[in-house]
Amino acid sequence: MMGPSHALSGAAAWLAGSWALDQFADYHQTPLMIGVGTAMAAGGALLPDFDLSGKVTTNQGGATVARTFGVISLFVAEVIEKISLGIYTATRQSRDPRRDHGHRTFTHTLPFAALVGWGTTALAAHYGKWAVVGIIFFMAGLALRGLFEKWAEKAGWLIVTLASAGIAWFTAANLAGDRGYPLLGFAVGAGCVVHLLGDMITKNGVPIFWPIPTGRGRMWRMIGIPNQFAVKVGGKTETVVLTTAFTIISCVSLVGLFAPVLLERLHLDVWAAK
């Protein structure tokens with residue numbers, strides 16, 4: 001799927017999960033925690049595509065996520081793409097095809113999702129508030145780039161960077177550390193998993209079983225739904241049907257999370273006025 005669809009799917013999944021936890025597990029989050037988790041999941045849902053690099057010297061090409069912070073993020077994407085290709089080449093078996101790029105390899109696996117989720121939590125827990133500022137800055141930038149693609153393209157990477165810095169500073173100053181820090185890693189990891197599921201319904205699939213050999217000389221077998229049912233990247237099924245579905249899920253989840261609280265406050269205010 002395309003970047004905006006990935007970001008919206010990550011946000012929808014986090015909001016729906018937050019509503020389910022609120023209703024059935026009595027796990028309540030503050031509005032700030034819900035907002036941070038949604039941004040982290042939306043950004044995390046773009047993170048696997050950092051293996052699709054562009055041209056650093058001309059600030060062109062690459063996936064949506066690679067263009068978030070201009071030349072800097074394009075350079076990071078190129079490094080990650082080369083590392084992913086190196087992991088693929090080092091672990092490929094006899095019938096895995098040769099590749100000249102690393103897209104949809106290591107960063108499109110469950111170990112990568114687990115690694116970035118664990119790494120995010122460990123980084124925030126070990127280095128504290130400043131690490132949280134950096135993490136939220138980076139992931140908020142990805143979320144802005146994905147959820148508001150047209151605005152981000154028009155505003156440019158510098159405005160996106162400044163907006164991300166403002167979000168990070170405000171959030172880190174108000175986010176509780178006891179529940180907030182583990183939340184960051186879990187949200188990022190969940191976003192990555194949602195990305196994998198999204199790519200699995202497209203024609204090319206993802207190597208979801210890596211590093212488990214799948215037999216017949218294959219380590220990097222692409223797993224997805226049958227081609228006749230696959231979603232065309234950028235087609236109407238993605239841009240209209242799925243986008244509408246993700247938007248509805250997000251809106252319904254938000255209503256489910258906040259409407260009861262608002263109604264209760266309204267009821268109390270009415271009684272107080274009497």
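The first residue in the sequence is number 1, and the count goes up from there.
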Which heavy atom of [X] sits nearest to which heavy atom of [Y], and what is that distance?
X	Y	result
Thr243	Thr247	O-OG1, 2.8 Å
Ile135	Ala124	CD1-CB, 4.0 Å
Ala163	Leu144	CB-CD1, 3.8 Å
Gly141	Val160	O-CG1, 4.0 Å
Thr38	Trp14	N-CD1, 3.3 Å
Gly234	Thr239	O-CG2, 3.7 Å

Quick one: does [X]'s side chain have a donor or acceptor within less than 3.5 Å of a partner on [Y]'s backbone?
X	Y	result
Asp26	Asp22	no
Arg67	Leu74	no
Arg221	Gly215	yes
Glu238	Met2	yes
Thr121	Trp118	no
Thr171	Ala168	no
Thr89	Gly86	no
Glu81	Gly102	yes

Going hydrophobic residue to hydrophobic residue with side-chain gaps under 4.5 angstrom, can you get from [X] over to [Y]?
X	Y	answer
Val194	Phe106	no
Met222	Leu52	no
Ile34	Val255	no
Ile83	Phe50	yes
Leu196	Leu47	no

Pair [X], [Y]: side-chain N/O donor-acceptor within cut-off below 3.5 Å:
X	Y	value
Thr214	Trp220	no
Asp51	Thr107	yes
His195	His108	yes

* Asked: Side-chain contact, heavy-atom cut-off 4.5 Å: Cys192 with Phe112?
  ->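 In contact.
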
Can you confirm whether more than 12 heavy atoms, excluding those of [X], are under 6.0 Å from its [atom1] atom?
X	atom1	value
Phe186	CZ	no
Trp169	CH2	no
Leu162	CG	yes

* To do: Would you check, one step at a time, whether the test side-chain hydrogen bond (donor to acceptor under 3.5 Å, both in side chains) holds for Thr202 with Arg104?
  => CA-CA 12 Å; Thr202 63; Arg104 290 209 185 190; 3.2 Å; yes

* Step-by-step side-chain contact (heavy atoms from CB on, under 4.5 Å) determination, Ile208 to Leu110 -> CA-CA 6 Å; Ile208 196 74; Leu110 290 176; 3.8 Å; yes

* Asked: So, for Phe75 and Phe69, is the gap between ring centers shorter than 6.0 Å?
  ->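 Phe75 vs Phe69: aromatic centres not under 6.0 Å.
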
* Asked: Should Glu149 and Arg145 be marked as a side-chain contact (heavy atoms from CB on, under 4.5 Å) after you check the CA-CA gap, both sets of side-chain angles, and the distance that decides it?
  -> CA-CA 5 Å; Glu149 182 189 30; Arg145 186 76 190 198; 5.6 Å; no

* Worked check of side-chain contact (heavy atoms from CB on, under 4.5 Å) between Met40 and Ile136 -> CA-CA 7 Å; Met40 296 302 100; Ile136 295 177; 4.2 Å; yes

* Asked: How are the rings of His103 and His101 set relative to one another: parallel (under 30°), tilted (30 to 60°) or perpendicular (over 60°)?
  ->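 The arrangement is tilted - the two ring planes meet at 30° to 60°.
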
